[in-house]
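Okay, structure first, notes after.
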Amino acid sequence: MLFNSYAFLFGFLPLVLFLYFIFGRRSARAAVGFLALASLFFYGWWNPRYLLLLCGSVGFNYLVGRRLARSPTRARGDQLMLWLGIAGNLALLGTFKYAGFFAANMNALADFALPVPQIVLPLGISFFTFTQIAYLVDAYRKEVREYRFAHYGLFVTFFPHLLAGPVLHHAEVMPQFARAETFRFNPENFAVGLTIFAIGLFKKVVLADGIAGFATPVFDAAAHGATLSFLAAWGGALSYTFQLYFDFSGYSDMAVGLARLFGIVFPANFNSPYKAASIIDFWRRWHMTLSRFLRDYLYIPLGGGRCHPLRRHANLMITMLLGGLWHGAGWTFVIWGGLHGLYLVLNHVWRALSRRWLTGFPLPPALGRVLAQLLTFVAVVVAWVYFRAESLPAAQAILEGMAGLNGISKADPYYYGAPQLKGLMIMFMVAWGLPNAQQLLRRYRPVILTYPDEASEGTRLSWRPSAAWALLTAVLLLAAVVNLTHVSEFLYYQF
């Protein structure tokens with residue numbers, strides 16, 4: 001079931017909200033159990049066969065985590081139990097997501113004849129697997145205080161985050177289910193949640209799906225060997241850049257808004273990343289809970305930044321290469337991760353050199369920030385080509401066009417002229433000129449800070465419960481519903 005579908009908007013969501021608060025008035029345990037079952041129904045709507053897989057994963061990790069958490073100290077077998085738990089999760093993920101990729105590459109590189117399985121990837125498997133790996137590690141560290149199975153099951157399966165994040169941390173969410181007020185209807189939570197959900201739905205249905213029509217034909221043409229001109233290649237790359245931005249931003253807002261309707265506050269997962277003035281800043285704004293997971297459970301255990309600079313740069317590359325592979329079983333994703341790893345290394349090197357050698361030649365702050373934002377944005381756009389392309393030759397075809405190797409031609413059939421330019425200008429203005437949802441509603445704590453030092457830029461616009469804001473929310477919802485001519489999956493569902 002998709003958030004941007006009639007079945008969800010006019011069937012599942014209002015019914016589950018109503019019954020959740022009915023149960024909550026009688027018993028918090030009943031409300032938790034009902035919401036967990038509703039979340040399983042939400043997941044099973046797509047393919048009921050994979051419910052067994054999800055439930056098996058939840059049961060396995062709960063038992064391992066309980067064993068680790070209840071041990072008074074790090075007992076002799078705790079480390080072995082932790083590694084067995086992590087291995088079980090990675091085996092599940094590897095079987096469904098990477099078995100075909102591994103077999104195909106072994107056949108190509110070593111002339112093997114391994115069968116290449118054609119497995120349908122279960123929705124959300126990367127997200128609920130990473131969420132539970134983090135839980136096991138924290139249980140091993142004795143940082144887990146919640147042992148009730150119903151609460152753990154809801155923590156993993158809670159439908160707003162189940163399919164595409166955020167990657168939740170138990171310490172942020174599970175204590176909220178222990179509060180009695182969570183299960184009581186709160187008008188403020190409803191107003192805040194509905195507003196954020198409306199903003200996210202509008203981003204997905206009107207903005208992301210609206211620009212997708214300019215991006216898809218260009219990448220499809222590149223996949224079929226077409227030669228693209230400078231204008232067509234840049235038009236396609238920029239269109240996908242904003243399609244992905246508003247698609248994932250829209251999902252993140254909808255997840256936050258839906259959780260707030262049920263009295264739960266999620267961590268921030270998206271904070272205007274195209275306003276970033278460096279790649280380091282970009283990764284503190286894009287898919288924030290994933291970057292935090294990679295930092296805390298991969299980069300820091302590898303040694304993080306506490307070691308020799310060369311080792312630190314190697315740690316960054318390893319982390320980003322694995323982060324790229326997490327997004328998809330393909331070399332295009334590996335290269336995308338490698339590019340971002342290289343960007344981060346260069347960013348750290350530049351910072352070190354500039355502190356030492358360039359302190360006497362400062363640019364005006366405003367000009368310096370604009371140039372840094374522009375350079376960061378172009379680097380991100382180039383990397384997105386690999387992220388979206390169906391193959392390495394297709395990515396190369398688009399990058400050759402972007403480099404001007406095929407000339408500049410308005411006659412290119414994949415250049416859409418004024419309509420595309422108008423759409424891109426609107427995307428630029430929204431992404432750079434308007435505050436995001438958490439900035440608009442910052443007075444009402446719309447999200448948990450993902451990073452302790454995280455701060456949103458100030459904005460003159462500020463949401464408050466008023467007739468004007470209620471009317472704007474209604475307009476956004478109406479515009480989204482009117483444009484629901486077809487149901488389109490969120491791009492991050494494939495991961």
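Because only heavy atoms are used, hydrogens play no part in the values below, and waters and symmetry mates are left out as well, while side chains stay in.
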Does a salt bridge link Arg292 with Glu172, judged by any charged N lying under 4.0 Å from a carboxylate O? yes
Inspect the contact between Arg67 and Asp78 and indicate whether a charged nitrogen and a carboxylate oxygen are less than 4.0 angstrom apart. yes
Leu51: side chain to side chain contact (heavy atoms under 4.5 Å, CB included) partners, not counting sequence neighbours: Leu40, Tyr43
Between Ser272 and Gln439, what is the shortest heavy-atom contact and its length? OG-OE1, 4.3 Å
Would Arg285 count as a cation-pi partner of Phe270, with NZ or CZ less than 6.0 Å from the six-membered ring centre and within 45° of the ring normal? no
Measuring centre to centre across the rings, with the benzene-like ring taken for any Trp, is Phe34 within less than 6.0 Å of Tyr20? no
Under 3.5 Å: donor-acceptor pair, side chain of His327, backbone of Gly323: yes
Set of residues satisfying ring-ring contact (aromatic ring centres under 6.0 Å, His included) with respect to Tyr274, sequence neighbours excluded: Phe242, Tyr245, Phe377
We want to know whether Thr289 and Asn269 form a side-chain donor-acceptor pair, criterion being a heavy-atom distance below 3.5 angstrom. yes
Centroid-centroid distance, Phe177 to Phe155, less than 6.0 Å: no
Determine, for Asp138 against Arg141, whether the closest basic-nitrogen to carboxylate-oxygen distance falls under 4.0 angstrom. yes
Treating Lys204 as the side-chain partner and Glu489 as the backbone partner, does any N or O pair qualify as donor plus acceptor under 3.5 Å? yes
Only residue of Val481, Val482, Leu476, Leu484 satisfying side-chain contact (heavy atoms from CB on, under 4.5 Å) with Val205 is Leu484
Measure centre to centre between the rings of Phe159 and Phe12, then say whether the value is under 6.0 Å. yes
